[in-house]
Every structure is written in C-alpha cells, then in structure tokens.
Amino acid sequence: KTSSRKLRLAVAGCAHGEMDKIYEVLAEIEKDKGYNFDLLICCGDYQAVRNYGDLHHMHVNEKYRSIQTFYKYYSGEKTAPVLTLFVGGNHEASGYLSELPNGGWVAPNIYYMGFANVIRFGGLRIAGLSGIFNIKEFNRGHYERPPYAQYGDVVSCYHVRNLDVWRLKQLRPPDNDITSNPIDIMVTHDWPAGIVDFGDKNRLLRIKPFFLDDINGGKLGNPSTMQLLYDMRPKYWFAAHLHVGFAALVPHENKDGSPGAMPTRFLALDKPIPHRHFIQALELDIDDDAELKLSYDPQWLAILKNTDRFTSISRSNAYLPSAHSTERWDFRPKEEELASIFELGDLTIPENFQQTARPLKNDTQEARRAQSNPQSAE
Ligand code: 5GP
Ligand code: MN
C-alpha cells in the first residue's frame, strides 16, 4: 500500500477559551508552510462557554472566570476555519458538556469527544478520554448533574471514571496480532503517570522542579492510563494540563518480551502564551482515497453496546468484571458483534449541531458590560 497523501494535523494544549487566538496562529502556520490544516485536536481545558450562565458550571479561579471567545462560534458569529476535535479537561463548561456524554458537536465544525470515544478521520482512528484523575471518583458512576446544586459536583464532574478507561482497554488487539497499532491517536488532558520515565526527565525537572515529589510517588498524572497506553499502543498520544511541553517515546514489546517495532510517541503541549510550545503541526500518511470527514468507529460502537449495562449515573462504586470474574469480562467485540454494527450502514457522523441554549450576541455582551459597570456605560 503506497500513500503519497498527507493529513495535516495541528495539536494544541490547554485552549482556555482562546479560539480566536488559536485559529489566528493556525492561519500563520498555514501561510508559512504553504498548506491548510485538515484537523485541529485540542487536549482539554477547552472552555466551551456559550453564555454567562455557563460560567456558573465551570470550576475555575475567579480571576479566570471569563467568557473568552468560544461563544462567537456557538452563536454563529464566526465559524471554526479548521475542523476541531477536543477532549475535556478540568476547566470546562461542564454543564454544557454534560449534554453530550458520548460526544457531539458543540458548535458547527467543533466536535467534543464526550467522556471517552473513538472516531475516525481520514482513515485514522482517534481515541479520547476527558477529565483528570482523582481516586475519590474513579469507581463511581457519572452522577453529577447541572445545575450542580452541591458545589462539590462542579469539581468532581470532570474526574475520570474507571468505566471509561476500562471501555477504552477493550480496544486492545487480539493476542495473535501484536504487530499493529490499533489506534493512531490518543488524546487526554492529564498525562499517563509514569510517562516521564520515557522522556527527558531532567529537562522537565529543570523547568518544573516542584514535580519531583509527585513523580517519585507515581502521582504525576493519571495512574490508570499508562496500562491503557500499553493496551491500546497508539502511534501518538497527546496531552496537556501540566503547562509544559514534553515528549516521550514508549517502546512496545512483542508477546515473548522481545523489543517490538511499535512505539508510542507521547507529546504534551503547553498553554497559549507567547514563546511556549502550545501548538504542534504534524503531517501523517493517509490513504489516497481517505475521506476527510468524521465517522463513528465500528469497534468502539460495538464496545459501547457490549458494555452498556455497566453505564452508571450513581454515586456508588460501580462494579466492573475482571479476569477473576466468572462472567464475561473481555468485551473486545466478536465478529458477530461487529457485524451487527456494520448492519447500521453509513457511519459518517451527521453534521447535526443544534443550539440548546440562548446564544450570546455581541450586543448582548455590550449591554451586560454596561449593566454591571454603569460608570463606563457611555
Ligand atoms: P490547570 O490549568 O488545569 O488549573 O492546572 C495546571 C497547573 O497545575 C500546571 O501549571 C501544573 O503545573 C499544575 N499541576 C497540575 N497537576 C499537577 C500535579 O499532579 N502535580 C503538580 N505538582 N502540579 C500539578
Ligand atoms: Mn488542566
């Protein structure tokens, strides 16, 4: 299979609602490189804030409680110039995102991946996991509901749940196929704990010396996702959250323990401030006839179907079967389970974005400013 075609991908770290700025930077890179991006992936702290109401559902320091620029893309005042895909972090319009637990369009051309997801684009399989790790919520269901009457709920709603990690672990390839990377790209907000051992740890500690205790305690990042990395073996893993650029290369072993040919390239990106490694441009080989449209991943849909009865919206700890269980615990789709998905036909994700809240128009914002600050009204 020869491929001469490239997918032009931009990856960004914590967006913090700076959509205008990010698309400006992308346009500059495009001019410089002489090509247009096909896709932008944002690694969380995206802040899809539609209006002032959404600010009440975002856990953020008062200093940063700001409407930012996403609302323009929601109201239709602007359209995202590059198809944008994102996972959630720990600063999100959580009320809005809770409308789309399995992912969906948050604005035209801007797709949120939900708690966990795998989708296809240009023939590549892109997986995502939203949130950050916290042991307190790890085994609970997704119980938090807006308006988050209990204040703690706005803090805990973005904590990663084991159910989602466990579902993603069902993407591991069959035992007899260890030569392939089943997933091309994995996107998370926090880093897999242990990843720093596979990169320039000394440089990282020079920039962020206060990470040392957490690194030594195995607590820098999500302690459940390093195993996920070994199970999924993605070609690329992108993350953000720690506000520092960091690259790592994780080799994968063959079944007999010998070094395999497949590594995972990990790249963490910074936040959007000048002179920091916030955006990375990449060119990936794709098939000549690959469609540059988002589509559902049949295997992931089969996994969701296979594991649907474990979905929980309860605060109590959820039970998940493991290898020690007497019941089925391996939910990698069997052939007939995949076939039932293929019967669905075309899996292209429809462009069916709908506004579910009053959009904020520029004039509304002016009025609001005037109202809250009468002295400057004229
Ligand atoms: P955020 O932007 O999500 O509020 O926080 C990111 C900041 O918190 C980064 O500057 C990062 O250095 C710090 N941070 C996040 N998680 C950890 C952690 O597990 N350990 C340490 N030492 N710092 C963290
Ligand atoms: Mn963060």
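This chain uses plain numbering: 1 for the first residue, then up along the sequence. Whatever order the structure lists ligands and atoms in, that order sets their numbers, starting from 1.
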Problem set entry | Cation-aromatic face contact R50/Y71, 6.0 Å, 45 degrees | no
Exercise. Is R8 close enough and on-axis enough to Y35, meaning under 6.0 Å and within 45°, for cation-pi?
Worked result: yes
Exercise. Any N/O/S of H91 under 2.8 Å from the Mn ion (ligand 2)?
Worked result: no
Exercise. Given the side-chain rings of H57 and Y96, with only the six-membered ring counted for Trp, is the space between their centroids under 6.0 Å?
Worked result: no
Exercise. What angle, to the nearest 10°, do the atoms OD1 (N90) and NE2 (H189) form about the Mn ion (ligand 2)?
Worked result: 90°
Relative to the heavy atoms of [X], which atoms of ligand 1 are at a distance of less than 4.0 Å?
| X | answer |
| --- | --- |
| D45 | 2 (O), 3 (O) |
| F211 | 12 (O), 21 (C), 22 (N), 23 (N) |
| N90 | 1 (P), 3 (O), 4 (O) |
| D214 | 18 (C), 19 (O), 20 (N), 21 (C), 22 (N) |

Problem set entry | Option passing side chain to side chain donor-acceptor pair (under 3.5 Å) with Y158 (candidates H59, E92, E144) | H59
Exercise. For H16, does its backbone N or O pair with a side-chain atom of Q68 as donor and acceptor, under 3.5 Å?
Worked result: yes
Exercise. Which is closest to atom 10 (O) of ligand 1 in terms of heavy atoms, H16, H243, K271, H91?
Worked result: H243
Exercise. Would you say H189 and ligand 1 have an N/O pair spaced under 3.5 Å apart?
Worked result: no
For this session: Starting from the Mn ion (ligand 2), look over the N/O/S atoms of H241 and name the nearest one.
Result: ND1
Problem set entry | Atom name, D45 (N, O or S, nearest to the Mn ion (ligand 2)) | OD2
Taking atom types as modelled, is there a side-chain donor on [X] or [Y] under 3.5 Å from an acceptor on the other?
| X | Y | value |
| --- | --- | --- |
| T264 | Y230 | no |
| S295 | R120 | no |
| H189 | N222 | no |

Exercise. What protein heavy atom sits nearest atom 6 (C) of ligand 1, and how far off is it?
Worked result: H241 O, 3.0 Å
For this session: For atom 14 (N) of ligand 1, grab the closest protein heavy atom and report residue, atom and distance to one decimal in Å.
Result: L242 CD2, 3.7 Å
Problem set entry | ILVMFWY network linking I349 to V82, side-chain heavy atoms under 4.5 angstrom | yes
Exercise. Any protein heavy atom lying closer than 4.0 Å to atom 16 (N) of ligand 1?
Worked result: yes
